[in-house]
Amino acid sequence: MPQLSTSDSVGWFNHDSWSETYLGARWLVENELPEMHWQTLPHHGPLSQMVLIASHHLVEITLFACIRTVLQSAPGRHPKHEKKLVNVRFKDAFTKWPAELLSTGFDLSVEPYKSAAALQKRRNDTIHKESALTTLLMARSALVSAVGASRAISLHMLGKEGFKYEAVLRKYPLDPQPWFSDVPFPQ
């Protein structure tokens, strides 16, 4: 009688704040938001705003994780930054700190950094000022742009192994979208 053998394997992702936020925002884009604006219901506007806010949060998570890694890799080398890290505003950390910590800052005139800056401004308008309207295209573009910015920030600040979410993105991909800085905003 011939011998039979089988094998099986189990795998899983250990999610963190970045991947959980990404998966939640992606789920809203893929499963809740309609394809066309004429298909929207009243709750789709606030859900689009939530995707935009979550998208910016992805960039924040990435930037501050990279800054902490850089500071921890050389304790005491940047005492001013170590002290200010707790209270630094995103805009200052994004526009000034990479150059101060690494001698090379982000070029904010090119993508995806340009879209990350536009996303930060629109997020602030949505949260702090006027609950700015968000379209379906803005929500989708914000998420794709945030992923691109997260990748670019990680690679710039930590090197070629800096972005650790490629497996998550392969398993849960997004459709291509225009950069957030190229998307028209409603008036």
Side-chain angles (χ1 to χ4, degrees), residues 16-22 25 48-135 137-166 169 174 176-187:
D16 61 9
S17 59
W18 193 95
S19 59
E20 285 180 350
T21 300
Y22 169 75
S48 294
Q49 289 175 325
M50 290 174 65
V51 171
L52 186 141
I53 292 164
S55 298
H56 181 264
H57 188 60
L58 292 172
V59 179
E60 285 186 4
I61 291 168
T62 301
L63 178 65
F64 287 108
C66 289
I67 288 172
R68 278 191 298 281
T69 299
V70 168
L71 292 175
Q72 290 169 356
S73 71
R77 184 172 178 194
H78 303 281
K80 176 182 96 173
H81 294 87
E82 290 171 7
K83 184 177 179 182
K84 289 184 176 182
L85 181 59
V86 175
N87 295 317
V88 67
R89 293 176 28 222
F90 172 84
K91 187 174 182 178
D92 291 336
F94 183 69
T95 60
K96 298 174 185 172
W97 283 34
E100 293 171 5
L101 296 174
L102 303 171
S103 301
T104 56
F106 304 139
D107 183 350
L108 301 179
S109 67
V110 300
E111 297 297 355
Y113 303 113
K114 183 177 172 183
S115 284
L119 182 57
Q120 184 260 336
K121 183 181 180 329
R122 191 61 175 197
R123 177 253 181 216
N124 284 352
D125 290 346
T126 302
I127 295 282
H128 299 298
K129 294 185 180 170
E130 61 206 36
S131 190
L133 297 175
T134 304
T135 65
L137 178 60
M138 286 171 69
R140 288 185 176 91
S141 173
L143 186 55
V144 169
S145 296
V147 169
S150 294
R151 182 184 285 120
I153 290 166
S154 297
L155 297 175
H156 180 93
M157 295 189 75
L158 304 178
K160 67 179 182 170
E161 301 298 319
F163 187 69
K164 60 183 182 177
Y165 301 105
E166 294 298 345
L169 296 174
L174 290 170
Q177 299 293 328
W179 289 112
F180 190 74
S181 64
D182 294 333
V183 173
F185 295 175
Q187 299 299 322

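Bear in mind the structure is a predicted one, so any value in this text is a computation, not a measurement.
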In Å, rounded to the nearest 0.5 Å, how long is the span from [atom1] of [X] to [atom2] of [Y]?
{"X": "L143", "Y": "H56", "atom1": "CG", "atom2": "NE2", "result": "13.5 Å"}
{"X": "H57", "Y": "I53", "atom1": "NE2", "atom2": "CD1", "result": "11.0 Å"}
{"X": "Q177", "Y": "M138", "atom1": "CD", "atom2": "CE", "result": "13.0 Å"}
{"X": "L85", "Y": "K80", "atom1": "CG", "atom2": "NZ", "result": "13.0 Å"}
{"X": "C66", "Y": "L71", "atom1": "SG", "atom2": "CG", "result": "11.0 Å"}
{"X": "R68", "Y": "S73", "atom1": "CZ", "atom2": "OG", "result": "13.5 Å"}

Test side-chain contact (heavy atoms from CB on, under 4.5 Å) applied to K84 and W97, step by step: CA-CA 11 Å; K84 289 184 176 182; W97 283 34; 3.9 Å; yes

Side-chain heavy atoms of M157 within contact of L63, under 4.5 Å: yes

NZ/NE/NH1/NH2 to OD/OE distance under 4.0 Å, K164 and D16: yes

Presence of salt bridge, E166 and R151, under 4.0 angstrom: yes

Aromatic plane relationship, F94 with Y113 - under 30° parallel, 30 to 60° tilted, over 60° perpendicular: tilted

Whether H81 and H78 hold their rings parallel, tilted or perpendicular, with breakpoints at 30° and 60°: perpendicular

Residue list, side chain to side chain donor-acceptor pair (under 3.5 Å) with S115, at least two apart or on another chain: E111, S181

side-chain contact (heavy atoms from CB on, under 4.5 Å) evaluation trace for L158 with V70: CA-CA 8 Å; L158 304 178; V70 168; 4.2 Å; yes

side-chain contact (heavy atoms from CB on, under 4.5 Å) between W18 and Y165, intermediate numbers included: CA-CA 9 Å; W18 193 95; Y165 301 105; 3.4 Å; yes

T134 side chain to S48 side chain, donor-acceptor N/O pair below 3.5 angstrom: no

R122 to F180, cation-pi by 6.0 Å centre distance and 45° axis angle: no

Audit row: K114, W179, side-chain contact (heavy atoms from CB on, under 4.5 Å) steps and yes/no: CA-CA 9 Å; K114 183 177 172 183; W179 289 112; over 6 Å; no

